[in-house]
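Below, chains carry the letters A, B, ... as their sequence lines are ordered, and counting in each starts from 1.
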Amino acid sequence: MPELPEIETIVKGLRSELIHDVISHAVVLREASIGHPSNEDFVRQLPGHEIERVKRRGKYILIELSDKASLVIHLKMSGRLLLKKKKSKHNKFLRVFLTLKSGRELHFEDMRVFGRMWYFGSNQKPEDKIKGLNTMGVEPLDHLDIKYLKPLLKKKTAPIKNVIMDQTIIAGVGNIYADESLFLAGIKPARKAGSLKDSEMKTLIESIIKVLTTAIKAGGSSMKDYTNLEGVNGNYMSQSFVYRRTGQNCRKCKTQIERIKIGGRSTHFCPCCQK
DNA sequence: GGCTTATCCTGGGCGC
DNA sequence: TGCGCCCAGGATAAGC
């Protein structure tokens with residue numbers, strides 16, 4: 001389940017490998033993996049474009065192409081982008097692949113098929129078609145501070161975990177890093193967001209930034225569905241405090257980590273360290 | 001408006 | 001071994 005650090009790692013890889021390469025051919029093996037335009041237009045319009053820039057916005061990968069066109073990718077649950085040699089063996093979860101002028105192929109694999117790719121021509125803005133891009137909140141590593149967060153949390157009765165995972169408030173934080181950030185901040189995930197004191201908000205912001213920065217340095221998480229561009233797992237999960245550690249001892253106080261459901265998502269926390 | 005729940009989807013784990 | 005059930009979860013729509 002790629003979140004901000006995993007996407008950042010992939011984007012860095014794409015940036016160092018693909019800039020100035022040219023898409024020569026596009027093949028769609030599963031139509032539902034294309035969000036826009038039609039399957040036929042996607043394979044017809046994409047070839048010939050040079051890759052000029054690669055950016056990240058939240059969990060979206062934005063590839064700027066020549067002629068002011070763009071390719072947007074969201075990996076959702078299990079999507080992977082892999083750079084392979086020409087005519088490499090196809091994984092059974094391969095949904096789309098692009099052949100490049102350099103002779104390589106960019107494979108989009110997606111086991112649980114929630115991931116999407118969108119192509120936009122020169123006069124089209126991705127944010128007009130992709131709602132999530134249009135309503136995206138701040139980038140936590142750039143503009144997240146108490147001045148921004150405090151008015152948004154005020155009077156909110158939803159659990160704080162739901163709020164920090166809300167992409168319209170903070171971009172890129174998902175289940176793993178929400179649990180880890182709340183542990184570091186010493187805040188129970190079920191707490192009403194509006195009940196946080198200023199000092200707790202400040203600690204939470206610092207924790208989110210610290211967790212994401214640490215994960216980026218580690219090359220992302222090591223969940224089985226995630227790898228970087230070369231197919232290598234990151235190693236953040238080996239150092240997680242609470243995520244997927246139900247029943248194991250807390251690394252700080254030795255109390256058993258508990259798991260509950262918040263917003264339909266598995267939530268892991270230490271009942272002793274988090275208040 | 002704010003919040004919760006259902007939906008999409010499929011491989012893996014588990015019990016029988 | 002094979003079957004059925006449950007779980008995982010990001011974004012969005014629907015419902016309360």
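Contact annotation for Lys192(A): no contact, since no heavy-atom pair falls under 4.0 Å across all strands.
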Next on the checklist: If you apply the rule side chain to side chain donor-acceptor pair (under 3.5 Å), what do you find for Asn175(A) with Lys161(A), and how did you get there?
Outcome noted: CA-CA 9 Å; Asn175(A) 207 34; Lys161(A) 168 157 178 179; 2.4 Å; yes

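Listed here is the closest heavy atom pair of Pro126(A) and Leu133(A): CB-CD1, 3.8 Å. Across all non-hydrogen atoms, the minimal contact from His74(A) to Phe108(A) is O-CZ, 4.4 Å.
Look at CG on Asp110(A): it is 11 Å from P on dG11(B), rounded to the nearest Å. Rounding to whole angstrom units, CG of residue Leu75(A) and C1' of dG9(C) are separated by 14 Å. With rounding to whole Å, Arg95(A) atom CZ is found 7 Å from dT10(B) atom P. Counting to the nearest Å, the C1' atom of dG1(B) and the CG atom of Leu153(A) are 17 Å from each other. Look at CZ on Arg244(A): it is 13 Å from P on dC7(C), rounded to the nearest Å. Computed from coordinates, the Gln167(A) CD to dG9(C) C1' distance equals 12 Å when rounded to whole Å. The CD1 atom of Ile7(A) sits 11 Å away from the P atom of dG10(C) (whole-angstrom rounding). Between the CD1 atom of Ile73(A) and the P atom of dA11(C) there is a distance of 15 Å, given to the nearest Å.
For Glu17(A) (side chain) and Leu83(A) (main-chain N/O), no donor-acceptor pair under 3.5 Å exists by modelled atom type. Between the Arg245(A) side chain and the Asn249(A) main chain, a donor and an acceptor come within less than 3.5 Å of each other.
Taking 4.0 angstrom as the limit, His74(A) places none of its side-chain polar atoms (N or O) nearer than this to OP1 or OP2 of dG10(C). For Tyr243(A), a side-chain nitrogen or oxygen approaches OP1 or OP2 of dG9(C) to under 4.0 Å.
Note on Glu105(A) versus Lys84(A): no salt bridge recorded, every NZ/NE/NH1/NH2 to OD/OE distance being 4.0 Å or above.
Checking dA13(C), dA11(C), dA8(C) against the side-chain heavy atoms of Ser266(A) singles out dA8(C) as nearest.
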Next on the checklist: Treating primed atoms plus P, OP1 and OP2 as sugar-phosphate and everything else as base, which nucleotides of nucleotides 2-9 of chain B get B, S or - for protein heavy atoms under 4.0 Å?
Outcome noted: -SS---BB

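In this structure, Tyr148(A) and His143(A) have side chains that are not in contact, with every pair of non-hydrogen atoms separated by 4.5 Å or more.
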